[in-house]
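Report on one structure; see the data block that follows.
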There are 2 protein chains.
Amino acid sequence: MAYEHSLIMAPTLKDIAEKAGVSPSTVSRVLSGRPGISEATRVKVLEVARELNYAPDMSAQGLATTQLKNIGLVGYKYRTRWAGSMAPADILGADAAAQKHGYHIITTYVDSEQMKSITSLPMVDERRVDGLVAIGPGISTRLILHLHSRGVPIVLMDNFIAEAPIDRVLCENHEGAYAATRHLLAVRSHKRTAFISGPISWTSSRERYEGYAQAVTEAGLEPLRIEMPNTIYETGYQAMRELLREHPDVTAVMAVNDATAIGAIKAAREAGYRVPEDIAFVGFDDVDWASLHDPPLTTVRVPRFEMGYQAVERLIERLERGDVPPITIRLACELVIRRSCGANR
Amino acid sequence: MAYEHSLIMAPTLKDIAEKAGVSPSTVSRVLSGRPGISEATRVKVLEVARELNYAPDMSAQGLATTQLKNIGLVGYKYRTRWAGSMAPADILGADAAAQKHGYHIITTYVDSEQMKSITSLPMVDERRVDGLVAIGPGISTRLILHLHSRGVPIVLMDNFIAEAPIDRVLCENHEGAYAATRHLLAVRSHKRTAFISGPISWTSSRERYEGYAQAVTEAGLEPLRIEMPNTIYETGYQAMRELLREHPDVTAVMAVNDATAIGAIKAAREAGYRVPEDIAFVGFDDVDWASLHDPPLTTVRVPRFEMGYQAVERLIERLERGDVPPITIRLACELVIRRSCGANR
DNA sequence: AAAATTTATGCACACGCTTGCATATATTAT
DNA sequence: ATAATATATGCAAGCGTGTGCATAAATTTT
């Protein structure tokens, strides 16, 4: 059974039309729910369509309507590792929302080096998508601004651009970090604490730091921030080594995310500290192995699935309702208390 | 600056044609490299095209050629958790290969319940993709067979269907498991070992088990398999509890993947065994937190990025070269020795 | 230099769908 | 019953590209 060069012939509007004894335009109107069709032909057409297992050809529909029902998910990837700013949960959530509305998700990862120079994306230039969801703080502002000024509908996720009114979905970084830090300070008394941060230009780093700083300040302590160029495991390890060199008296550390937290814990242990007895740690994200770590990591759960879902929902609303004013959606985080913070359990 | 209902007007063949003083068909021929064009007009057209920043409208091109340069990645998702059979590395690899050839990736997750009943996918029916990469053992055979018989180009990843000649990309499960088990048996002597398996109908479970069984048998021991309905952390935990109830004398366990291995380790410890002193463990996959576990997990690294890359490469070859005979591509695995197996370091 | 050949380009239609406009039919008002 | 209106449907053009066929221009052959 040889492959054809393309997919096997699928039924078209014309096929339905002939079989139902009407014109293709009538079929089109029925299928897209236009008014002014008699009940009799409506049911007939729908019947035939179902029987023939009809589905519209999106290229044709896209050509005619300029609405492809494709939305682009763009993240970035690091050179050195096989990971990027899009987590499976993001895509799962985005796909769930997309499926609900009959949309599809086109994913792409932009190399973080190339990110600096590009000003558009192939999927946009080639009109493969109706709009974009840009995921992560590393998506370049320049790129976003260029796309936005061209009129490309776009919603930002885990990113905050002050320069233009663009839809955003974020989690309550400030509140989450504040709650986590308060908890840290409540478990037992600390004199010196620190926050391990990514680039302060990254929304999540900035907002989480501010939440931490507020809690610490309210407790009469001085906030301490150590800023790193990214937020991966190795960086957390490195950050903690530097921190301990300068401030060996630190007894509580909040990390900007779980990966850096775990790197930091490794460094602390290597330096002879017990965790959480000597130094308490909290992370952020609640990645799926945070509970499997030893000690299980106290962290702030970020609802990635929900964020992906909301981002796509919002984008579709913009696409279908037209010119709605941009909003920023904040999703609540949840403090997950485990053992790295030194709490009883 | 109000949004338009769709993207801002992009240049078309006609625009280039007018500006270059030729007909649209000539432009089309130049841009798709057809022969029989004078050098003068060729450079003129290319110049104008670049100047106007032209990119073809894929809907139009797709309509005319039935080649969309979109490939679908289909995985499945569990009801209970926000994870599925597509890992980020898979998508990264697939996207890398796609980008190389000017293709794009459409991802979708099928609910594992719905998987049982469906016989096609919207993205196929709507002609959004030229072909598919199906990822994971949970993709239903019925679905694949239906699509295949309709002539949809498809390559399987981490799945093996004997019923039809379909391209496959897999890793060397047998060899990897064999090597890991041999290593386990070499570190110190074991009398009773076990393999924690997913459904034996799943390629990876079957092949890995066979690798394990061969090594064990060669060492004069009897293989022991405990089969579970899936391969997640909780299941590994459960499996180990059952195993210890029946065989408290087990001293070496190979798990079908890292997640179950870590669940199993948890259960072993709760039952009072020391790891690796009393029971040695090896996993499979080398997920990114395997090295962060305590003890660091000895495992077999699966090249997911490369598998995604190869799957897409293969699919594109089929799409562009036509009727090539199906092959199965096996990628080598690498034994990563850490501490859970009881090796010195 | 005229005829035969090759080369370069344009015309027009097709791909499958949507939609404004015209028209035929059914409904209501006079 | 006829006119006026509302309802249901078909026709044809258009969306942006690709491509077979015809033709005009350039080249070679006689």
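Every chain is numbered from 1, with letters handed out A, B, ... down the list of sequences. Model, not experiment: these values are computed from the prediction.
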Spacing of A:R34 atom CZ relative to C:dT18 atom P, expressed in whole Å: 8 Å
Any A:S38 side-chain N or O less than 4.0 Å from OP1/OP2 of D:dT9: yes
Nearest-Å distance for atom pair CG/C1', residues A:L13 and C:dC15: 13 Å
Integer-rounded Å distance: C:dT18 P and A:L31 CG: 8 Å
Rounded interatomic separation in angstrom, taking NZ from A:K69 and P from C:dT18: 11 Å
Sugar-phosphate, base or nothing in reach of A:R29, heavy atoms under 4.0 Å: base
Distance-only donor-acceptor test (3.5 Å): side chain B:S25, base C:dC11: yes
Distance test, side-chain N/O of B:S28 to OP1/OP2 of D:dG18, below 4.0 Å: yes
Geometric class of the B:Y103/B:H101 ring pair [parallel <30°, tilted 30-60°, perpendicular >60°]: perpendicular
Exam field: side chain A:T12 to backbone A:K14, donor-acceptor pair closer than 3.5 Å: yes
Sugar-phosphate, base or nothing in reach of B:P56, heavy atoms under 4.0 Å: sugar-phosphate
Nucleotide of D:dG18, C:dC17, C:dC15 approaching B:Q61 most closely (side-chain heavy atoms): D:dG18
Of the listed nucleotides D:dG16, C:dC17, D:dG10, the one nearest the side chain of A:T26: D:dG10
salt_bridge(A:K100, A:E313) N-O dist < 4.0 Å: yes
Phosphate OP1/OP2 of C:dC17: any A:Y54 side-chain N/O under 4.0 Å: yes
Which nucleotide in C:dG16, D:dG10, D:dG16 has an atom nearest any side-chain atom of A:V22: D:dG10
Between C1' of D:dG10 and CD of A:E18, the distance in whole Å: 15 Å
Electrostatic pair A:D57:B:R128 at N-O distance under 4.0 angstrom: no
Sugar-phosphate, base or nothing in reach of A:T12, heavy atoms under 4.0 Å: sugar-phosphate
Selected nucleotide, minimal atom distance to B:S23 side chain, candidates D:dA8, C:dG10, D:dT17: C:dG10
Trace of the side-chain hydrogen bond (donor to acceptor under 3.5 Å, both in side chains) decision for A:S28 with A:S25: CA-CA 5 Å; A:S28 169; A:S25 24; over 6 Å; no
Minimum-distance nucleotide to A:A60 side chain [options: C:dC17, D:dG18, D:dG16]: C:dC17
